[in-house]
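Structure first, commentary second.
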Amino acid sequence: MQYASSRRTFLRQMAAAVAVPTVIPGRVLGARAPSRRIALGFIGVGDHGISRNLRGLLAQPDTQVVALCDVDAHHLARARQTVEEHAAAKGDGGGAKGLVLSRDFRDVTDRPDIDAVVVSTPDHWHVLPSLRAARAGKDVLCEKPLSLTVQEGRVLSDTIARTGRIFQTATENRSLAPYRRLVELVRNGRLGKVRSIHVELPSGHWTRPANREPEPPPPELDYDFWLGPAPEAPYCQARCHWNFRWILDYSGGMLTDWGAHMIDLAQWCLDRERTGPVQVEGTGVFPAAGLFNTATEFDLHYTYADGVTLRVSSNRPGIRVVGSAGTVWNTDWNAPLQADPVSILEERIGPEEWQPYTAPDEHRNFLDGVRSRKECYAPAEVGHRTISIAHIGHIALRLGRRLDWDPATERFRNDPAADAMLSRPMRRPWSLEV
């Protein structure tokens, strides 16, 4: 059964499902936000898109929300309400005036009155809107994980570099005090020579209750657009929104979802943010059947060119850095650091020593970058290199063998079968030339 919706059909569905304003293509409206504010368009306004990114950026004094985009009319209605409530609370009667809603991200990326876009879609939709926005001269804040494949990430990073746009991979860990302290201790030699890092991620699938049986899509959802470049598949409630994370067609499970946070810390500690390891091997457990098919358990071992090892395993979020002069770790996300010897934690970092590039949060860092044109703390190349480590680990798990990786060419050594898994075909009409 074909679930594609025409633009006219979608508008009727939106009106029937929930009271939202008519969708107006970007080319029709030309009103520009006040010059003192950065005009933003939001692509993807589900749970995280609203709770983290829309609310976080509305809280900044120098932003103006111009457009909202989502393929789910209920999401659009909640996002519009959030903008209106914020404007009312601030006494800004015009703060939500002229707000444009759309189900098509191109109505946002192509608007001349938008300075930057915020992409909070499911993972398989991260790269295409970001590419189109950059090519249209917009700066981009994109949710992690940056990409679904190594190829997608490479094209995006190269496009950002070529167009000169400001890009932020949305990861808050670089703003959190325990991780900043960990990295400054490591980078300033307080642990001696680093020998190994062990990153732990959550295990299993954190599912939300949803029907897993095929059924017609609800009227508020343009399901064909939700699938986008992913393979054709029958709709079921559990396939979309939160639970997409546990389906390989749209994401990579905990390895990419949490790996985007925690592997980034390992790269930051090692000062390898624009390169990567040279070898990977490991074991994993994948569901034998059912809709959810990402790994529930994994134990991956990476080696860098200088012999430093990185282990990425499933348990609970944490990181342990072992050096010749001591060890520093924590055992949960954003938990206080521990050390052996404990005196490491009392070490003072002088003003002349290496200082971590950080900010109060990823939103403020992005907005400051848009104004100053200074690179953000997690630019596209850094986000790409981080998630590439997860991607090549996934390939090693699925092939069941050790792989040799060349981080310079971003290809495996003498392994065509593994190379073939660095990209995925996209369902027509979508492509990286969007």
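Residue indices begin at 1 and follow the sequence shown.
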*Taking the side chain from Glu152 and the backbone from Leu148, do they hold a donor-acceptor pair closer than 3.5 Å?*
yes
*Between Asp123 and Lys144, is there a salt bridge with N-O shorter than 4.0 Å?*
no
Compile the donor-acceptor pairs under 3.5 Å between side chains in residues 48-59 and protein atoms, sequence neighbours left out, one pair per line.
unit_1 : atom_1 : unit_2 : atom_2 : d
His48  : NE2    : Glu143 : OE2    : 3.0
Ser51  : OG     : Asp47  : O      : 2.7
Arg52  : NE     : Glu362 : OE2    : 3.2
Arg52  : NH2    : Glu362 : OE1    : 2.9
Arg52  : NH2    : Glu362 : OE2    : 3.2
Asn53  : OD1    : His363 : NE2    : 2.9
Asn53  : ND2    : Ser120 : OG     : 2.8
Asn53  : ND2    : Glu143 : OE2    : 3.0

*Under 6.0 Å from the six-membered ring centre of Trp242 and within 45° of its axis: does the NZ or CZ of Arg245 meet both?*
yes
_Using 30° and 60° as the class boundaries, would you call the ring planes of Trp258 and Trp206 parallel, tilted or perpendicular?_
perpendicular
*asked:* Which heavy atom of Arg187 sits nearest to which heavy atom of Trp354, and what is that distance?
replied: NH2-NE1, 3.1 Å
*Scan residues 414-426 for pairs that pass salt bridge (charged side-chain N to carboxylate O under 4.0 Å, His left out), counting only residues two or more places apart or in two chains.*
Arg401-Asp415
_Counting C-beta onward and ignoring hydrogens, is there a side-chain heavy-atom pair between Val312 and His198 closer than 4.5 Å?_
no
*Would you please say whether a donor-acceptor pair under 3.5 Å links the side chains of His301 and Thr309?*
no
*Is a donor on one side and an acceptor on the other found under 3.5 Å between the side chain of Asp115 and the backbone of Ala39?*
yes
*asked:* Less than 4.0 angstrom from a charged side-chain N to a carboxylate O is my criterion; do Asp158 and Arg162 meet it?
replied: no
_Looking at Asp110 and Arg132, is there a salt bridge between them, counting it only when a charged N and a carboxylate O are closer than 4.0 Å?_
yes
*With no hydrogens and no angle check, do the side chains of Gln237 and Asn211 hold a donor and an acceptor under 3.5 Å apart?*
no
*Under 3.5 Å, side chain of Asn365 to main-chain N/O of Asp361, donor-acceptor pair present?*
no
_Carboxylate-amine/guanidinium proximity below 4.0 Å for Arg165 and Glu375_ = no
_Given 3.5 Å as the limit, does a donor-acceptor pair link the side chain of Ser175 with the main chain of Ala359, or not?_
yes
_If we count only N and O atoms by modelled type, under 3.5 Å, do the side chains of Gln267 and Arg385 hold a donor and an acceptor together?_
no
_Under 3.5 Å, is there a donor on one side chain and an acceptor on the other for Asn173 and Trp333?_
yes
*Is the side chain of His205 donor-acceptor paired with the backbone N or O of Thr294 at a distance under 3.5 Å, no angle test?*
yes
*Pairs satisfying ring pair (Phe, Tyr, Trp, His ring centres under 6.0 Å), at least one member in residues 100-134, at least two apart*: Phe105-Trp125, Phe105-Trp430, His124-Trp226, His124-Tyr250, Trp125-Phe225, Trp125-Trp430
*Is it true that a side-chain atom of Ser324 and a backbone atom of Lys193 form a donor plus acceptor pair closer than 3.5 Å?*
yes
*Side chain of Ser314, backbone of Phe298: donor and acceptor closer than 3.5 Å?*
yes
*Please determine, by modelled atom types, if Tyr179 and Asn334 share a side-chain donor-acceptor pair under 3.5 angstrom.*
no
*asked:* Keeping Lys138 on the side-chain end and Arg111 on the backbone end, is there a donor-acceptor pair under 3.5 Å?
replied: yes
*Where do Thr331 and Arg316 come nearest, in terms of heavy atoms and distance?*
O-NE, 3.0 Å
*Keeping the roles fixed (side chain from Asn330, backbone from Leu337), state whether a donor-acceptor pair exists under 3.5 Å.*
no
*Drop me the distance from Ile38's CD1 to Thr63's OG1, to the nearest 0.5 angstrom.*
8.0 Å
*Cation over ring, Arg174 on Trp268, under 6.0 Å and within 45°?*
yes
_Carboxylate-amine/guanidinium contact Arg311 Asp299, below 4.0 Å_ = yes
*Do you know the tightest heavy-atom contact between Leu156 and Leu131?*
CA-CD2, 3.7 Å
*Consider only side-chain N and O atoms of Glu381 and Ser157, and report whether a donor and an acceptor are under 3.5 Å apart.*
yes
*Shortest non-hydrogen contact from Ile319 toward Ala266*: CD1-N, 4.1 Å
*Exercise: identify the closest heavy-atom pair between Ser203 and Met254*: O-CE, 4.1 Å
*Give a yes or no on this: more than 12 heavy atoms of other residues, nucleotides or ligands lie within 6.0 Å of atom CZ of Arg402.*
no
_Tell me whether the NZ or CZ atom of Arg272 lies within the 45° cone about the ring axis of Tyr304 and under 6.0 Å from its centre._
yes
*In plain terms, say whether Arg190 and Glu353 are close enough for a salt bridge, that is, a side-chain N and a carboxylate O under 4.0 Å apart.*
yes
